[in-house]
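First the structure, in the form of structure tokens, and then the observations on it.
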Amino acid sequence: MRKLSSTTALIMLLILTVIVSACGGNSGGNSGESSGSNDSGGKSVKITFLNSKSEIQQQLADAAKQFTAANPGIEVEVITTSQSQSPVEKATSLYSAGTPATLAMLDAGDIAKFKDKAADLSSEKWVKDLAQPNELDGKTIAFPFAIEGYGFIYNKAVVDKAAGGKFDPATVNSTSSLEDLFKKIETSGSAPLIIGSMDWSLGNHFLALTYAAQPEGDVNKYLESLKSGEAKLADNAAFKGLMDTFDVMKKYNKGKNDPMAVTYEQSSAAVAKGEAAITFNGNWLITEMQKSNPTGEFGFIPVPVSNNASDKANTSLAIGATKQVFIDKEKSSEQQQAAAKKFLDWLVYDQAGQDFLVNKANVIPAFKNITLQPTNSLAKAIVEYNNAGKSIPFAGNDVPGDHWKVLGASMQKYLVDKSDRAALAAEVEDYWKNVK
């Protein structure tokens with residue numbers, strides 16, 4: 001599988017040049033043009049934007065209205081994916097219906113599936129302002145919408161109390177030291193951890209740490225060995241260590257009496273309010289957390305994959321350019337494509353567009369010219385880890401579109417003790433041997 005640029009090099013270059021902040025429905029399609037005038041061909045035009053970051057649906061809708069106010073000849077309708085659909089499934093269904101979105105935001109690993117339907121954006125102005133090239137087969141066919149990272153998110157006030165002073169996340173560098181922290185938090189009177197049951201989180205983020213934590217650091221090389229059947233997951237050190245950590249997480253889980261009942265919103269609110277100290281998630285969670293605690297301070301702890309403190313993954317966050325946007329050229333008119341390009345330009349170069357990305361959507365843009373400073377603690381933590389060179393690949397960028405649903409379900413079975421580790425490993429191996 002071909003991948004777009006999402007390497008640590010992109011992140012390191014980005015951090016040197018940009019420090020900004022961060023991580024589906026209804027349906028619709030292209031609606032054609034009507035009379036009027038604008039810069040996109042002399043007629044009023046309506047375009048659609050498929051949003052796969054549901055946590056910013058309202059913010060993106062508001063941004064679309066701002067853009068239309070500044071460009072009255074262009075209307076932008078924002079559509080989103082449902083909780084039961086992956087972004088690639090939604091995009092595919094829209095194509096099947098003959099109404100693809102003008103702009104479609106997908107996970108980075110899925111862009112290649114639509115390369116024959118995507119407009120060539122190589123000559124767009126923003127390409128020169130990318131912190132790192134973002135090419136597929138020598139062309140830029142997608143706009144990198146967000147750079148994101150994930151690990152354990154902790155409430156600083158709660159963990160500081162348990163630590164008896166200012167907590168240093170660097171003190172957690174192994175599975176055993178993580179459990180020691182859980183014990184301290186429990187002794188202080190708080191729930192140590194709450195695990196969100198979301199399949200996308202357990203499948204594409206937690207389980208994918210196995211792929212990112214391989215000693216050679218080459219995600220695609222390891223995935224190829226899984227596809228060929230050469231790799232034996234049950235014997236893999238990173239997988240065994242990661243699942244040791246997950247077993248500890250299950251032991252201290254606030255929601256362990258009914259693990260599948262813990263939603264995205266509930267896990268977020270619990271940590272934001274201090275009802276639990278820690279949850280596993282990404283910097284995109286800040287938008288939801290601020291609903292419960294607008295002024296709260298939060299940080300990241302890397303997820304240990306062993307009891308060896310020298311393992312890079314034990315002190316690193318998974319970070320990468322995740323969401324990517326392509327413009328449909330198959331069904332969209334020239335006027336619609338021109339309007340879509342203008343919207344992307346607005347995001348990169350207009351003050352209101354930049355404000356939306358950084359301050360409203362809380363994402364880290366991949367553009368050198370955007371110099372807005374981060375305003376939330378999770379974004380700052382991402383910056384700090386990357387400045388220190390403490391990052392591993394965001395391996396969810398390299399997996400197929402159904403990985404989160406299929407193997408997320410496998411992880412859910414393990415979460416509720418309906419599957420053991422051997423069965424989980426077998427399901428993962430079977431998935432990769434049969435992947436298309």
Side-chain angles (χ1 to χ4, degrees), residues 1-3 6-8 86 107-110 112 150-151 173-176 178-179 195 199-251 259 280 302-318 320 391-436:
M1 179 172 64
R2 303 298 301 273
K3 74 170 188 174
S6 59
T7 61
T8 302
S86 70
D107 295 327
D110 289 323
Y150 65 85
N173 51 23
S174 64
T175 299
S176 59
L178 176 67
E179 184 166 16
I195 303 174
D199 51 4
W200 54 264
S201 179
L202 296 174
N204 268 22
H205 297 160
F206 193 87
L207 179 62
L209 288 171
T210 295
Y211 315 145
Q214 295 304 309
E216 63 274 17
D218 189 332
V219 173
N220 282 298
K221 180 180 178 181
Y222 184 68
L223 295 184
E224 288 301 320
S225 69
L226 283 171
K227 291 176 184 177
S228 69
E230 177 186 354
K232 303 302 178 184
L233 199 65
D235 299 326
N236 186 270
F239 174 73
K240 292 192 291 185
L242 182 66
M243 297 315 297
D244 286 344
T245 293
F246 197 70
D247 287 344
V248 171
M249 292 165 61
K250 288 168 61 176
K251 178 180 177 181
F280 172 78
V303 178
V305 298
S306 73
N307 272 319
N308 182 356
S310 65
D311 281 351
K312 178 177 173 59
N314 290 357
T315 56
S316 301
L317 299 181
S391 65
I392 56 176
F394 197 116
N397 283 350
D398 301 286
V399 302
D402 65 348
H403 182 280
W404 67 276
K405 184 175 287 188
V406 176
L407 295 184
S410 298
M411 285 294 296
Q412 288 173 333
K413 287 193 294 184
Y414 191 86
L415 174 65
V416 299
D417 297 321
K418 297 296 184 182
S419 173
D420 60 18
R421 194 177 299 189
L424 173 62
E427 289 182 16
V428 176
E429 289 180 357
D430 185 65
Y431 170 84
W432 282 106
K433 289 175 185 176
N434 294 284
V435 75
K436 296 179 181 179

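- Neither side chain, Ser174 nor Asn314, offers a donor N or O lying under 3.5 Å from an acceptor on the other.
- Gln412 pairs by the side-chain hydrogen bond (donor to acceptor under 3.5 Å, both in side chains) definition with nothing, not counting sequence neighbours.
- For the pair Glu224 and Lys227, the salt-bridge criterion is met [side-chain N within less than 4.0 Å of a carboxylate O].
- Here OH of Tyr222 is found 4.5 Å from CG of Leu233. Values are rounded to the nearest 0.5 Å.
- In summary, the side chains of Thr315 and Asn173 do not present any donor paired with an acceptor at a separation below 3.5 Å, with no hydrogens or angles considered.
- Side-chain N or O atoms of Asp199 include none that pairs as donor or acceptor with a backbone N or O of Lys405 at under 3.5 Å.
- Under the 3.5 Å distance criterion, with hydrogens and angles disregarded, no donor-acceptor pair is assigned to the side chains of Tyr414 and Asp420.
- Between Glu427 and Lys413 a salt bridge is recorded (basic side-chain N to carboxylate O distance below 4.0 Å).
- Side-chain atoms of Asn397 never come within 3.5 Å of backbone atoms of Gly109 as a donor-acceptor pair (strictly under, hydrogens ignored).
- For the residue pair Val303 and Gly151, the shortest heavy atom distance occurs at CG2-CA, 4.0 Å.
- The structure places OG of Ser410 at 6.0 Å from CG of Leu424, a figure rounded to the nearest 0.5 Å.
- Lys312 pairs by the side-chain hydrogen bond (donor to acceptor under 3.5 Å, both in side chains) definition with nothing, not counting sequence neighbours.
- If you take CG on Asp402 and CG on Leu407, they are separated by 8.0 Å, rounding to the nearest 0.5 Å.
- Annotation: side-chain hydrogen bond (donor to acceptor under 3.5 Å, both in side chains) contacts of Ser225 (sequence neighbours excluded): none.
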Q) Should Asn204 and Phe394 be marked as a side chain to side chain contact (heavy atoms under 4.5 Å, CB included) after you check the CA-CA gap, both sets of side-chain angles, and the distance that decides it? A) CA-CA 9 Å; Asn204 268 22; Phe394 197 116; over 6 Å; no

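- A donor-acceptor pair under 3.5 Å is absent between the side-chain atoms of Lys418 and the main chain of Leu415, judged by distance alone.
- In this structure, Ala313 and Pro302 approach most closely via the heavy-atom pair O-CB, 4.1 Å.
- A distance of 9.0 Å separates CD of Gln214 from CG of Leu223, quoted to the nearest 0.5 Å.
- Between the CH2 atom of Trp200 and the CG atom of Asp107 there is a distance of 11.0 Å, given to the nearest 0.5 Å.
- For Val248, the side chain to side chain contact (heavy atoms under 4.5 Å, CB included) partners at least two apart in sequence or on another chain are Thr175, Glu179, Phe182, Tyr252.
- Residue Phe239 comes nearest to Ala425 through the heavy atom pair CE2-CB, 3.9 Å, listed as atom of the first residue, atom of the second, then distance.
- Using a 4.5 Å heavy-atom cutoff, the side chains of Thr210 and Asn236 are in contact.
- Around CD of Glu216, the count of heavy atoms belonging to other residues, nucleotides or ligands within 6.0 Å exceeds 12.
- A donor-acceptor pair under 3.5 Å is formed between the side chain of Thr245 and the backbone N or O of Pro304.
- Side-chain rings of Phe206 and Tyr150 stay apart, their centers remaining 6.0 Å or farther from each other.
- Looking only at side-chain heavy atoms (C-beta outward), Tyr211 and Asn220 stay at 4.5 Å or farther from each other.
- Residues Ala212 and Pro393 share a closest heavy-atom pair of CB-O, 3.3 Å.
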Q: Apply ring-ring contact (aromatic ring centres under 6.0 Å, His included) to His205 and Phe280, showing your working.
A: CA-CA 9 Å; His205 297 160; Phe280 172 78; 7.0 Å; no

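- You'll find the ring centres of Trp432 and His403 inside the 6.0 Å limit.
- Here salt bridge (Lys or Arg N to Asp or Glu O under 4.0 Å) pairs that include residues 237-250, with residues two or more places apart or in two chains, are Asp244-Arg421, Asp247-Arg421, Lys250-Asp417.
- Looking only at distances, a side-chain donor or acceptor of Asn434 sits under 3.5 Å from a matching main-chain atom of Asp430.
- No side-chain donor-acceptor contact under 3.5 Å links Asp311 to the backbone of Ser306.
- For the side-chain hydrogen bond (donor to acceptor under 3.5 Å, both in side chains) test, residues two or more places apart in sequence or in another chain that qualify with Ser310 are Asn308.
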